[in-house]
Amino acid sequence: MHFNQKKHVSHVSHHSSHTTKHVVKEHSSRKSSSKSVNQVQHTHTTEAMAEPAYTVPAFRQRSADEIEEYQRVSSHVGKGLASIQKELHRMRVVTKTQVENIAIKREVQEMMHKKMTSTDTDKAPDFMVALRPHTVWEKTPVKLFCTVDGHPRPIVKWYKGGKPVDPLSAPGKYKIESKYGVHSLIISRCMVSDTAEYSAVATNSHGSTTSKASVIVKSEFTSILACAVLVFSSVPHLTVIHHSKLEITMLDRFGVSFGTEGGSISLVCTMVVVPDLPNVPPLAQWYRDDKLLKAGKLAEIKVGGGAATLTLPHLAKDDEGLYTLRMWTKDGTTEHSAYLFVKDAAPSVAGAPGAPISVKAFDINSDYVLVAWKPPNTTNEAAITGYFVDKRESGSATWSQCNDAPVQICKYPVHGLNVGHAYHFRVRAVNSAGISRPSRESDKVTSPTCMCFACVGVPSAPGQVVATRNTKSSVFVQWDPPKHPNHLMGYYIDASLVGSKTWAPCNHKPYKNTRFLVHGLTPGETYVFRVQAVNVYGLSDESQESTPIAVEPALTTPSAPHGITMLSCDGASMIIAWNSPKHRGGSKINAYYVDKRDADSLAWKEVNSAPTKTRTYTVDGLTEGTFYEFKVQAGNLAGVGVPSAPSTPLKCEAWTSAVPGPAYDLAFREVRGDSLVILWKAPVYTGASAVTGYIVEMAKKGHHYHPLNEEAIGHCYLQVTGLEAGAEYTFKVKAVNAEGVGKASQTSEPVFAKALPGTQEIQCGVDEDTGDIFLSFEACEISETSNFAWSKNYKEISDCTRVSIETKGKHSKLTFVNPDVSDLGAFSVHVTDTDGVSASHTVTEDALNTMLELSYNIRHPIVPLKHQLNYEVLEKGHVRFWLQCLKMSPAVNYRFIVNDKEVTSSDSHKISHDVNTGVIQMTVDHFSKASEATYTVQIHDGRAKNQSSLVLVGDVFKAALKEAEFQRSEHIRKQVYSLGRTDCILYVLVSQVANVKKETVFHWFKDEEEIVPETPPNVMSGSVALPISLFSRKDQGHYKAKLSDDRGKDTSVFDISGQVFDDIINAIAHIAGSSASELVLQCTPEGIRLQCYMKYYTEEIRTAWLHKDSKISSSEKMRIAGTAEMAWMQIREPSEKEKGHYSIQIMDATKSHTRTFDLSGQDRGRVVGGLPDVVTIMEQKTLSLTCTVWGDPSPEVTWFKNENEVVSTEHAKITLEANKFASLTITAVTSEDSGKYSINVRNKYGGEFVEITVSVYKQGESPPEPKMGGRGATPAPLASKTPAKTPTPAQSPIPHPPTPSLKSPTPSLRSPAKSPTPTPKSLKSPTPPRK
């Protein structure tokens, strides 16, 4: 998936236009107020020379209403004269300061230009522009400026009378700035006590320097006239307008931009310049990552015509960064910044890496050049294996490769250069797929500079990554720097959709800061982010992923509403309306507040103290004939936003016109490249008669309005077609009644004929499962507060029983309940709180009929049967009739018919069904001769039908009746025998007995030999059990249970062989496989053993051992066997050939249980030889347990005794020599030293746990016979301290084998649960043969 593909379009708001007009007007006002003193002195002369009175021509004469408005406005013109006079006085006072600032800025710019073109070298601080003394009046500000040169960049501190200036000591009085190389101290509202000597001290690692200047503050008791003479006498005449005299207001600003290697892009910012003089263009400076750009072949800079343009004709990833346009204006500087992303061009070979970045050449001597660069980012491509460096001489177009084999680090010394020749260099990256495109060539080698690389490897991975919400298409990502930067060059940031596991780069040039704004994300999607650090040696490991974050705007207050208009007025109240804010602040707007004021007043009054949620409001208590202004504020969860611009003055005058008032609330839906739908609301004021229709007018940008419909339409929407793709349009709507055409609505906002990226249309279809007819829509974007609003004929659907609406995420579905002709029409949906996501679909009669037919076929099929009607004879002689459907609904209806007579559920005929299995059944408790009949089941599921019949007459019926009577008689005997299991190793034969007495005798037999259980049978308990422990093949045979007393005897036979035996073994295999542990590795004197622990194991369980997916047969090299608690495989004298992946498969009747172990030889901690399984040793001897351990990095070794860690003491000493030989030496062993010892060898890649059993016997006694348990190891008496020389490789995680045990030789007995509906072992024929 590619990011950074979304195009951003800037719009000029009404507020910007209003601000521009204000700036021009204010400048004109200031210009008119700055006339010279001589012009003021000759005012009377000018009046005497005035021409005769001017006669107003007819075309300039005003109507009565215009005269009233003119008089109202002119009555307040005088109020501004006082402010104009104050402004004139202020300009006189600050003129001197402005002139000095102009000279200082000009000098600073010249010096900064020189500084930026020079090469940074180590240099002590030096004042390029020193401080200047100032004499100012009391209560006026003063600014001290200086510019300092030096490398590293000096730090400047300010002092007053030798004491440091602390801005916190007098908040608001002092302001210290350091911007673009200019250091300044600003003192606001000077007092006489501020008179002092001020100094700026600049310091870096090479020294310090000081610049001093005095500030004299004079009291205002001096004559005001003298002050004025002093000021004006010092003002020089400016014959040339400097660029700092211009007032600049930026309009359309370039936004976040996206380019591709090899392409071109232009960053444009339009502006208003006052005065706009062709011979005095504004000074514009472009920066990339705070570095000044100069015009050249890689950057074209143009200023003029009301725009500043930067064109990059040959894009490379080196051009990626933060671009800043800085304009010098009258008030200082104004600037705008935005990020430019440059992605990799399509590689020449699929999978090849991107081009390297920032290639620089450093001239070391006459024939030796060191070339360095930055590696590209790699996400889905193969890792970079090296780089090729190319060179060419200046003036030549031929490139030659410098290195024969790829170099693996990001620097390379180039030899064999010609003395006095100039060279350019470029670099290409190499991976397993191919070679990348070449990088941008380096600058020509000119200055001798030595570059030292002291790093010794790639940086460590960055720390924690945190992502936070920013806008609906961007996320703010920040992270902790790596602990080991190793001359860090920057960072690469990657992003991935949650669940996709596919990463895409967010930047293509190393970013130096630890905070980055990722643009171009899909709104509403959830992402995770990771970061890699980069230096000359390559990329670090990836950081941990950030927590997932959904792309949603950060929660802020909404922007200002706009478009305030009056809908009606009755002379005492007005109804006003407004448009919602363009930016809702990431939350739903839940309140509006209206303020008003007389047009003649400056004070605003609150209209509604309680918020209103609608965008219309009735303002009461107005005075007829008065002009009012209104402003509106919107509120959301974040608070109340900024107020709107004041409306135009609206006169409170009763409307008496016969024609309707204006329509309002114009909105757009379904904007596409050639069409759109416009909606509006009916006017509040209808005039003398009801509104009968509407006329819609449209104007393309730069054209006049023209009507779209000749005849008025009767609804409040219109689909407009035939638009020009990408063109800008505006609309007006006029209401019509019987008296004529009413007032036009307020002009709509401009709309571009262009669909949103990813826009989809409504899909209409029929659900294949339910047969429901539905309309489905998937939004291309969505916000946290968005809702899907469905409409029919553009009237919102709410609480409608004919449809149901279901919304999940970006998807919304409208389902028709009982569709018919009343559902014909245009259905539309729009997503709130988006940029106009909407679509529509018209349901026609033909389409509806087609879907209804398909829906009927889906909803009413023939009910499919999996099994026809059948029967089976149950215990007690009951007979069950059943059939099975493939699928049925909970609303299914059915009935059983026997010989054309319906049978209902009763005590003798139990009828039921199961929706999940599809089984319908009837159980006949007393099956007799009267049950001979034809049985039929009729099924109704919705409108689907089916039936099945079974003819049970004649011989077929007689056979069924005979079996039923036999089962009934057997049940009467009330002797039931069964085979049960209490756990995986103990099987129990259970005989349930009845009609017995104390004298009744019970005996068990196997193959005619009597079995005497440990616990005598108790016939009075109702059941007698025979436990069979450790069940295996030897337990096959015929078992008999004999019961006898003075009344007679009875015998029951159990045949445990064939399928019965296989079923028992499969049941044991299922328990064994479910309880099996992972394979563990155990060292033995013969080699290594892979062991799998389980509750019970017998050789009758089907198992298979595999090596690299090939089955292993037991042999002398690989012996396969087991014990009651585990299965194992012994590998004698393992070699390299035995490495690989091992697994054991334990198979039961239904599934296979697999456990695995990897013997691939990874460098995790392990014991490679030297330890036996069992050790026997005499008292007072020295026990030395020594082994060889291995791992990279070197493992940690821990010894345990009986699962408690052993601490090294004089008695038990632990050593580890050369991180290879581990030993535990116990001197003068005693019986207390007996036990189970173990060693844990582990590093960061894993480890191994090996156990040794130590038995200590007394002197003169025979060594005890070692008990091997389930490990099968050979005992090895140990008395030597010398470590074993022949290591046995082994690796395994710490094993935790289970220890199975029999809890009771005579388990509790209970009858196995009987299914209420027994399932036959095999399907019987509807007419089975009987003997």
Side-chain angles (χ1 to χ4, degrees), residues 9 11 14 562-563 565-567 577-580 582 615 657-687 689-756 759 761-762 789 791-796 824-830 835-844:
V9 182
H11 300 279
H14 173 75
H562 60 283
T565 184
M566 182 167 57
L567 303 180
W578 57 88
N579 295 329
S580 59
K582 295 181 178 179
R615 286 185 287 110
S657 174
V659 296
Y664 68 101
D665 201 12
L666 276 62
F668 299 100
R669 300 281 189 271
E670 307 159 38
V671 179
R672 304 293 186 262
D674 59 348
S675 65
L676 58 80
V677 175
I678 180 172
L679 296 85
W680 60 90
K681 291 184 179 179
V684 174
Y685 179 78
T686 59
S689 60
V691 174
T692 57
Y694 300 91
I695 301 293
V696 181
E697 296 181 349
M698 179 184 74
K700 184 180 177 183
K701 186 176 182 180
H703 295 72
H704 297 290
Y705 280 94
H706 64 277
L708 295 176
N709 53 319
E710 295 181 358
E711 296 183 1
I713 56 176
H715 44 72
C716 294
Y717 64 90
L718 178 67
Q719 184 175 19
V720 183
T721 58
L723 303 181
E724 179 183 342
E728 179 181 337
Y729 296 89
T730 55
F731 294 83
K732 294 180 180 179
V733 179
K734 297 179 180 178
V736 179
N737 64 5
E739 307 301 325
V741 179
K743 182 181 178 181
S745 68
Q746 194 175 42
T747 303
S748 71
E749 295 183 14
V751 59
F752 291 86
K754 182 179 180 182
L756 292 173
T759 295
E761 302 298 337
I762 293 177
S791 302
K792 180 182 180 183
N793 296 329
Y794 297 98
K795 292 183 179 181
E796 186 170 354
L824 301 178
F827 288 84
S828 60
V829 60
H830 79 276
D835 288 339
V837 178
S838 56
S840 67
H841 180 85
T842 301
V843 179
T844 62

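Because the structure is a prediction, the values reported are computed rather than measured. Residues take their numbers from the sequence shown, with the count starting at 1.
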Looking only at atom types and distance, does a side-chain atom of Asn737 sit under 3.5 Å from a main-chain N or O of Thr686, one as donor and one as acceptor?
yes
Do the side chains of Ile762 and Phe827 get nearer than 4.5 Å, heavy atoms only?
no
Could you check whether any side-chain N or O of Arg615 sits under 3.5 Å from a backbone N or O of Ala577, counting only pairs where one atom can act as donor and the other as acceptor?
no
Is a donor on one side and an acceptor on the other found under 3.5 Å between the side chain of Thr692 and the backbone of Val736?
yes
For Ala735 and Pro683, work out which heavy atoms get closest and say how close.
CB-CG, 3.7 Å
Can you measure from CE (Met698) to OG (Ser748) and round to the nearest 0.5 angstrom?
11.0 Å
Could you state the interatomic distance from CD (Glu749) to CG (Leu666), rounded to the nearest 0.5 Å?
10.0 Å
Would you compute the distance between atom CG of Leu679 and atom NZ of Lys681 and round it to the nearest 0.5 angstrom?
10.5 Å
Below 4.0 angstrom, N of the basic side chain to O of the carboxylate: do Lys701 and Glu724 qualify?
no
Return the minimal non-hydrogen interatomic distance between Thr842 and Ala826, and the atom names on each side.
OG1-CB, 3.9 Å
Begin from the C-alpha positions of Thr565 and Gln746 and carry the test side-chain hydrogen bond (donor to acceptor under 3.5 Å, both in side chains) through to its verdict.
CA-CA 7 Å; Thr565 184; Gln746 194 175 42; 4.9 Å; no
Begin from the C-alpha positions of Tyr705 and Thr730 and carry the test side-chain hydrogen bond (donor to acceptor under 3.5 Å, both in side chains) through to its verdict.
CA-CA 9 Å; Tyr705 280 94; Thr730 55; 2.7 Å; yes
For His706, look at atom NE2 and say whether over 12 heavy atoms of other residues, nucleotides or ligands are found less than 6.0 Å away.
yes
So Asn709 and Ile695, do their side chains get closer than 4.5 Å, heavy atoms only?
yes
How close do Tyr664 and Val684 get, heavy atom to heavy atom, and via which atoms?
CE2-CG2, 4.1 Å
When you compare the side chain of Tyr694 with that of Cys716, does any pair of heavy atoms fall below 4.5 Å?
yes
Mind checking whether Glu670 and Ser828 have side chains closer than 4.5 Å, heavy atoms only?
yes
Please test Phe731 against Leu676 for side chain to side chain contact (heavy atoms under 4.5 Å, CB included), starting from the C-alpha separation and ending with a verdict.
CA-CA 12 Å; Phe731 294 83; Leu676 58 80; 4.1 Å; yes
Nearest heavy-atom contact between Lys732 and Ala744 is CD-CB, 4.3 Å
Any donor and acceptor pair, going by atom type alone, linking the side chain of Ser745 with main-chain N or O of Val733 inside 3.5 Å?
yes
Contact summary for Glu739 and Ala658, nearest pair of heavy atoms
CG-O, 3.6 Å
Kindly say whether Leu723 contributes a backbone atom to a donor-acceptor pair with the side chain of Asp674 at under 3.5 angstrom?
no
Do Trp680 and Leu718 touch side chain to side chain, with heavy atoms closer than 4.5 Å?
yes
Counting only heavy atoms from other residues, nucleotides and ligands, does the tally under 6.0 Å from NZ of Lys792 exceed 12?
yes
Please work out which of the three classes, parallel, tilted or perpendicular, describes the rings of Tyr717 and His715, given edges at 30° and 60°.
parallel
Between Ser675 (side chain only) and Arg672 (backbone N and O only), is there a donor and an acceptor less than 3.5 Å apart?
no
